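Quantities reported herein were computed from a predicted structural model and do not represent experimental measurements. One-based numbering along the sequence shown.
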Amino acid sequence: MVCKQLARCCKISLTGGCLCLAAVYLVAVPGVTAGLLRQAPELADRFWPWLLLVEATALPCILVALWGWKLTGEIGRGNAFSGESARLVKRASTALLLDAALFLAGNVVYFLLGISHPAVALLALFVCAAAAVFGLAARALAQLVGEAARLREDSELVI
């Protein structure tokens with residue numbers, strides 16, 4: 001019963017997070033960039049490259065949400081410590097790390113092309129570092145869940 005309640009809470013949280021991400025990627029980012037373009041038309045050559053880079057970072061977020069939903073299903077079935085759970089967390093970790101790398105690489109390229117400001121590049125570095133920390137923490141969690149799954153399987157064989 002506790003696993004089902006935990007899974008339900010996780011799904012509610014995940015749904016809220018997805019709604020927030022949708023608001024950011026579908027409303028806030030295009031709205032802010034369009035507003036900036038109206039205020040500073042000289043930035044028109046930077047509009048599409050930046051919009052495409054920021055929107056490209058949505059794909060790994062969507063994948064993490066899908067794998068998170070599957071993971072909550074595993075938790076609800078009482079399989080929190082299973083090989084499948086470990087694989088899902090590892091995939092999410094990889095997606096987070098790739099998302100951080102994509103955003104960082106895009107920022108470096110834009111900086112070198114002269115379509116980014118040093119302050120923006122510095123802020124992006126902090127965002128990428130935070131994403132990398134979460135990605136590495138998820139990788140460590142995946143390792144621990146995998147080890148717990150192996151121990152669980154071993155103990156089931158003994159009994």
Ignoring hydrogens and geometry, is there a side-chain-to-backbone donor-acceptor pair from [X] to [Y] under 3.5 Å?
{"X": "Arg87", "Y": "Ala142", "value": "no"}
{"X": "Ser93", "Y": "Val89", "value": "no"}
{"X": "Thr57", "Y": "Asp99", "value": "no"}

Charged N-O contact under 4.0 Å between Arg150 and Glu153: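 Glu153 and Arg150: not salt-bridged.
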Salt-bridge present (Lys70, Glu74; N to O < 4.0 Å):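 The answer is no: the pair does not qualify as a salt bridge.
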How would you list all residue pairs meeting ring pair (Phe, Tyr, Trp, His ring centres under 6.0 Å) that involve residues 63-107, not counting sequence neighbours?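 Counting only pairs at least two positions apart or across chains, no ring pair (Phe, Tyr, Trp, His ring centres under 6.0 Å) contact touches residues 63-107.
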Please, which pairs that meet ring pair (Phe, Tyr, Trp, His ring centres under 6.0 Å) have at least one residue in residues 108-133, sequence neighbours excluded?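 Listed by first then second residue: Trp50-Tyr110.
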Indicate if [X] and [Y] have the same hydrophobic cluster label, given that clusters are the connected sets of ILVMFWY residues with side-chain heavy-atom separations under 4.5 angstrom.
{"X": "Leu104", "Y": "Val29", "result": "no"}
{"X": "Leu98", "Y": "Leu66", "result": "no"}
{"X": "Val109", "Y": "Val127", "result": "yes"}

Closest heavy-atom contact between [X] and [Y]?
{"X": "Ala80", "Y": "Ile75", "answer": "CB-CG1, 4.0 Å"}
{"X": "Asn107", "Y": "Ala121", "answer": "OD1-CA, 4.5 Å"}
{"X": "Pro30", "Y": "Val27", "answer": "CD-O, 3.6 Å"}
{"X": "Ile115", "Y": "Pro49", "answer": "CD1-CB, 4.0 Å"}
{"X": "Cys61", "Y": "Leu21", "answer": "CB-CD1, 4.0 Å"}
{"X": "Cys3", "Y": "Gly78", "answer": "SG-CA, 4.1 Å"}

Carefully, step by step, assess Arg91 and Leu88 under the rule side chain to side chain contact (heavy atoms under 4.5 Å, CB included). CA-CA 5 Å; Arg91 286 179 187 163; Leu88 290 169; 4.1 Å; yes
[X] versus [Y]: any side-chain heavy-atom pair under 4.5 Å?
{"X": "Val145", "Y": "Ser85", "value": "yes"}
{"X": "Leu71", "Y": "Glu84", "value": "no"}
{"X": "Leu122", "Y": "Pro118", "value": "no"}

Reported [atom1]-to-[atom2] distance for the pair [X] and [Y], which is rounded to 0.5 angstrom:
{"X": "Thr33", "Y": "Arg38", "atom1": "OG1", "atom2": "CZ", "value": "9.5 Å"}
{"X": "Leu97", "Y": "Leu102", "atom1": "CG", "atom2": "CG", "value": "12.5 Å"}
{"X": "Trp48", "Y": "Leu53", "atom1": "CH2", "atom2": "CG", "value": "14.0 Å"}
{"X": "Leu123", "Y": "Ser116", "atom1": "CG", "atom2": "OG", "value": "10.0 Å"}
{"X": "Leu36", "Y": "Arg46", "atom1": "CG", "atom2": "CZ", "value": "12.0 Å"}

Heavy-atom neighbours of Gln143 CD exceed 12 at 6.0 Å: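 12 or below, so no.
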Could you check whether Thr72 and Arg8, counting side-chain N and O atoms only, form a donor-acceptor pair closer than 3.5 Å?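 Judged by distance alone, the side chains do not pair up.
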Is Val64 isolated, or which residues cluster with it under the ILVMFWY side-chain rule of less than 4.5 Å, directly or via members?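 Leu96, Phe134, which link up through side-chain heavy atoms under 4.5 Å apart, make up the rest of the cluster.
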